[in-house]
2 protein chains.
Amino acid sequence: MEWNPLKLENQLCFPLYACAKELVKKYKPFLDELNLTYTQYITMMVLWEHNSLNVKTLGKRLYLDSGTLTPLLKKLENEGLVTRTRSAGDERELIVSLTEKGVQLREKASEIPGKIGACIDLPTEDLVKLHEILHKLLKQAGG
Amino acid sequence: MEWNPLKLENQLCFPLYACAKELVKKYKPFLDELNLTYTQYITMMVLWEHNSLNVKTLGKRLYLDSGTLTPLLKKLENEGLVTRTRSAGDERELIVSLTEKGVQLREKASEIPGKIGACIDLPTEDLVKLHEILHKLLKQAGG
DNA sequence: TTAAATTAAATTGCGTACAATTAAATTGTA
DNA sequence: TACAATTTAATTGTACGCAATTTAATTTAA
């Protein structure tokens with residue numbers, strides 16, 4: 001039995017890439033109810049934790065750059081979920097903050113992780129291990 | 001210590017999504033040499049295994065639909081790496097086949113998995129476990 | 001202290017991704 | 001046989017995702 005390193009099945013990246021996409025798809029019906037895309041959802045998640053951050057910090061947390069975030073944040077601003085204001089201390093920085101409406105959306109969103117969890121049928125042991133390895137990988141590969 | 005289910009760090013999907021993106025980025029310098037994007041690369045990988053398939057089968061393997069594949073395959077056709085012809089038996093099917101140039105590209109590509117592997121510093125045990133769990137997850141979540 | 005270097009966001013351009021729809025070919029069935 | 005249902009790609013429209021460049025503000029250093 002020969003190991004073919006160019007076989008899709010033998011890659012590390014491909015199952016990661018495919019799993020991520022399939023899992024993101026599972027969020028869609030739930031996120032549709034909040035009128036959010038997945039990327040908007042994780043952005044809101046960071047804001048629900050921190051209330052107010054600049055684009056750079058937000059981007060570091062999300063592994064996204066301003067090319068992705070700028071239009072996305074303008075969208076969220078149009079929806080009335082966040083405000084975008086320049087920092088008083090440093091005009092280069094754009095501060096993104098939750099509005100009252102943005103804060104309130106958190107309650108509806110809080111049901112989502114449980115609903116997603118119910119879709120995934122893996123032993124807890126695997127879930128914990130997966131978490132652990134992914135964070136290890138992200139620490140060295142990311143950034 | 002309270003478990004916050006809306007914390008980014010506590011999600012399963014987010015590290016998967018972020019890891020996949022970061023890992024795909026690592027391919028870029030190597031793929032640039034072949035003038036391929038990551039999606040084009042995995043498409044070629046399936047073709048190097050099977051030589052000739054229709055779009056539906058290709059899409060099933062790659063977890064991609066015709067909306068993504070149609071323009072991508074036209075690009076590969078323009079580059080002279082594949083041909084696109086309707087099936088004689090069933091005109092609905094489009095058969096994608098490697099050209100000689102497409103076949104030859106495999107040799108250059110064969111160095112990539114090793115180069116990527118060298119970038120990832122995880123114990124073999126973790127790599128094997130990650131593989132195993134991801135395939136398990138893909139089997140139930142994918143499709 | 002001002003000119004060069006750096007930093008932060010925005011912009012541009014290209015390539016995915018995918019839902020929804022359309023168009024054409026084939027299959028199933030009355 | 002004919003017509004409805006199904007199947008396969010292509011198309012359309014929206015939203016990322018990122019490299020590369022640009023613009024404006026700030027910091028560094030000569």
Side-chain angles (χ1 to χ4, degrees), chain A residues 13-14 17-29 31-32 35-44 53-60 62-79 82 84-96 142-143, chain B residues 13-14 17-32 34-44 53-60 62-79 82 84-96 142-143:
Chain A
C13 189
F14 177 71
Y17 155 90
C19 265
K21 284 194 310 168
E22 293 304 312
L23 206 43
V24 165
K25 261 190 243 180
K26 288 219 180 296
Y27 282 80
K28 189 169 192 317
L31 291 177
D32 278 351
N35 194 33
L36 290 177
T37 63
Y38 181 73
T39 316
Q40 290 163 8
Y41 169 65
I42 58 177
T43 302
M44 290 300 289
L53 307 142
N54 62 31
V55 173
K56 182 192 166 77
T57 311
L58 203 48
K60 202 175 291 176
L62 296 169
Y63 296 85
L64 291 172
D65 70 2
S66 66
T68 303
L69 285 175
T70 296
L72 185 149
L73 293 169
K74 285 181 179 173
K75 191 99 195 291
L76 293 180
E77 185 183 39
N78 275 328
E79 308 281 347
V82 307
R84 297 165 65 248
T85 48
R86 291 285 161 182
S87 161
D90 186 338
E91 285 282 334
R92 288 172 304 182
E93 291 182 19
L94 186 82
I95 311 291
V96 183
Chain B
C13 189
F14 178 71
Y17 156 90
C19 265
K21 283 194 309 169
E22 292 305 310
L23 206 42
V24 165
K25 261 190 245 180
K26 289 218 178 298
Y27 281 80
K28 189 169 190 321
F30 307 125
L31 291 177
D32 279 351
L34 310 196
N35 193 33
L36 290 177
T37 64
Y38 181 73
T39 316
Q40 290 163 9
Y41 169 64
I42 58 177
T43 302
M44 290 301 288
L53 310 139
N54 62 30
V55 173
K56 181 193 166 77
T57 312
L58 202 49
K60 201 174 292 178
L62 295 168
Y63 296 84
L64 291 172
D65 71 2
S66 66
T68 302
L69 285 174
T70 296
L72 185 149
L73 292 169
K74 284 180 179 174
K75 191 99 195 292
L76 293 179
E77 184 183 41
N78 274 329
E79 307 283 346
V82 307
R84 297 165 65 247
T85 48
R86 290 286 161 180
S87 162
D90 187 337
E91 284 283 335
R92 287 172 306 183
E93 290 181 19
L94 186 83
I95 310 292
V96 183

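Labels below follow one simple rule: chain letters A, B, ... track the order of the sequence lines, proteins then strands, and each chain is numbered from 1.
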Does A/Arg86 come within less than 4.0 Å of A/Glu91, counting only side-chain N to carboxylate O? no
Within residues 67-79 of chain B, which residues have any heavy atom lying less than 4.0 Å from an atom of DNA chain D? B/Gly67, B/Thr70, B/Lys74
Would you kindly compare B/Ser66 and A/Thr57 by the position of their nearest DNA chain C nucleotide and give the one closer to the 5′ end? A/Thr57
Taken in chain and number order and not counting sequence neighbours, the residues that satisfy ring-ring contact (aromatic ring centres under 6.0 Å, His included) with A/Tyr41 are A/Tyr27
Looking only at heavy atoms, the pair that brings A/Leu62 and B/Lys21 closest together is O-NZ, 3.8 Å
Reading DNA chain D 5' to 3', which nucleotide is the first, and which the last, to come under 4.0 Å of any heavy atom in chain A? D/dA15 to D/dT26
Between atom CZ in A/Arg86 and atom P in C/dT7, what is the gap in whole Å? 17 Å
From CG of A/Asp90 across to C1' of C/dT6 the rounded distance in Å is 12 Å
Who pairs with C/dA30 - Watson-Crick or G-U, where each distance is under 3.5 Å: D/dT1
Taking NZ from B/Lys28 and P from C/dT16, how many angstroms apart are they, rounded to a whole number? 12 Å
Write down the partner of D/dT26 under the Watson-Crick or G-U wobble criteria, each distance required to be under 3.5 Å. C/dA5
Quick one about A/Asn54 and A/Thr57 (side-chain donor to acceptor, distance below 3.5 Å, no hydrogens or angles considered), yes or no? yes
Contact class for A/Gly59 vs. all strands (heavy atom < 4.0 Å): base, sugar-phosphate, or nothing? nothing
CG on A/Leu23 to CZ on B/Phe14, rounded to 0.5 Å: 13.0 Å
Could you tell me whether the phosphate oxygens of C/dA17, OP1 or OP2, come under 4.0 Å of any side-chain nitrogen or oxygen in A/Tyr17? yes
Could you tell me how far apart B/Leu62 (CG) and C/dT16 (P) are, to the nearest whole angstrom? 12 Å
Hey, is B/Glu22 close enough to B/Lys25 for a salt bridge, meaning N to O under 4.0 Å? yes
Smallest heavy-atom separation, A/Ala20 atom then B/Ala20 atom, equals CB-CB, 4.2 Å
When you measure from the side chain of B/Asp65, which nucleotide among C/dT26, C/dC18, C/dA9 comes out closest? C/dC18
CG of B/Asp32 versus P of C/dG15: gap in Å, rounded? 12 Å
Does the gap between the ring centers of B/Tyr63 and A/Tyr17 come in under 6.0 Å? no
OP1, OP2 of C/dA17 versus side-chain N and O of B/Thr39: anything below 4.0 Å? yes
Residue pair B/Asn54/A/Leu64 against DNA chain D: nearer the 5' end by closest nucleotide is B/Asn54
If we only count heavy atoms from C-beta on, is the B/Met44 to B/Leu76 side-chain gap below 4.5 Å? yes
